[in-house]
Amino acid sequence: MCHPLSDVQATNLQLLYAIRLGMERDLVDTCRRFGLHARQAARLREMSSEALWAAVHAIGNTSLFIPRSDIIALLEAPQVLAGTLAAAHPPTPTPKVHQ
């Protein structure tokens, strides 16, 4: 029985498919752009589409792709500078806020 995917699950699946497609075209560049290590790339490449779907479904509403720590600065930067700023500072996940 097929269950509809949530918005988070659909986003995870779309990005995983996009990464796999990118790896088919240019493995090294795709790994660089998405920050993947060789083992991660190898695992994604060997998984079938059905296996990716099943994994995304099992993971549930947890995002596999978290925003970079400077996302607000990039969104608020002048458009002519945003790409340069993003390239100059490699993405890092947003640190957890401790309460």
Side-chain angles (χ1 to χ4, degrees):
M1 177 183 217
C2 266
H3 298 286
L5 296 176
S6 70
D7 56 341
V8 172
Q9 290 171 311
T11 300
N12 285 341
L13 190 60
Q14 289 171 355
L15 281 169
L16 289 170
Y17 282 149
I19 291 169
R20 273 208 348 205
L21 179 60
M23 287 189 294
E24 290 174 14
R25 295 177 180 165
D26 187 335
L27 177 63
V28 173
D29 190 50
T30 299
C31 287
R32 180 191 57 78
R33 286 184 289 126
F34 286 96
L36 295 175
H37 300 287
R39 185 171 178 209
Q40 294 167 323
R43 182 66 182 119
L44 280 174
R45 290 176 71 196
E46 69 189 23
M47 292 179 76
S48 68
S49 295
E50 294 80 15
L52 280 177
W53 193 96
V56 164
H57 189 266
I59 291 166
N61 284 320
T62 301
S63 178
L64 297 175
F65 306 95
I66 13 186
R68 17 182 321 148
S69 60
D70 61 349
I71 190 170
I72 297 297
L74 292 174
L75 293 173
E76 292 177 348
Q79 289 182 351
V80 296
L81 295 175
T84 302
L85 291 172
H89 302 283
T92 57
T94 304
K96 290 185 178 181
V97 176
H98 298 285
Q99 296 181 1

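Proximity of Leu64 to Thr11: side-chain heavy atoms (C-beta onward) are nowhere separated by under 4.5 Å. In this structure, Arg20 and Leu52 have side chains that are in contact, with non-hydrogen atoms separated by less than 4.5 Å. Between Phe34 and Asp29, every side-chain heavy-atom pair lies at or beyond the 4.5 Å cut-off. Residues Met47 and Leu16 form no side-chain contact, since every pair of their non-hydrogen atoms from C-beta on lies 4.5 Å or further apart.
In the hydrophobic clustering, where aliphatic and aromatic side chains (Ile, Leu, Val, Met, Phe, Trp, Tyr) are joined below 4.5 Å either directly or transitively, Val8 stands alone.
Annotation: the span from Asn61 atom CG to Asn12 atom CG amounts to 9.0 Å, rounded to 0.5 Å. Between atom CZ of residue Arg32 and atom CG of residue Asp26 there is a gap of 9.0 Å, rounded to the nearest 0.5 Å.
When all heavy atoms of Arg43 and Glu46 are compared, the pair lying nearest together is NH1-OE2, 3.0 Å. The minimum heavy-atom distance linking Gly35 with Gln40 is given by the pair O-OE1, 4.0 Å. Heavy-atom minimum distance, Cys31 versus Ala41: SG-CB, 3.5 Å.
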* Asked: Could you go step by step and tell me if Ser49 and Tyr17 meet the side chain to side chain contact (heavy atoms under 4.5 Å, CB included) rule?
  -> CA-CA 8 Å; Ser49 295; Tyr17 282 149; 3.6 Å; yes
request  = Would you check, one step at a time, whether the test side chain to side chain contact (heavy atoms under 4.5 Å, CB included) holds for Leu13 with Gln9?
outcome  = CA-CA 6 Å; Leu13 190 60; Gln9 290 171 311; over 6 Å; no
TODO: List the steps, then state whether side chain to side chain contact (heavy atoms under 4.5 Å, CB included) holds for Thr30 with Arg25.
DONE: CA-CA 8 Å; Thr30 299; Arg25 295 177 180 165; 5.9 Å; no
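Leu5 and Ile59 fall within the same hydrophobic cluster, where Ile, Leu, Val, Met, Phe, Trp and Tyr residues are linked whenever their side-chain heavy atoms come under 4.5 Å apart, directly or through other members. Note on Ile71: it does not cluster hydrophobically with Leu85, by side-chain heavy-atom contacts below 4.5 Å among ILVMFWY residues.
A donor-acceptor pair under 3.5 Å is absent between the side-chain atoms of Arg68 and the main chain of Leu74, judged by distance alone.
The number of heavy atoms from other shown groups lying within 6.0 Å of CZ (Arg45) does not exceed 12.
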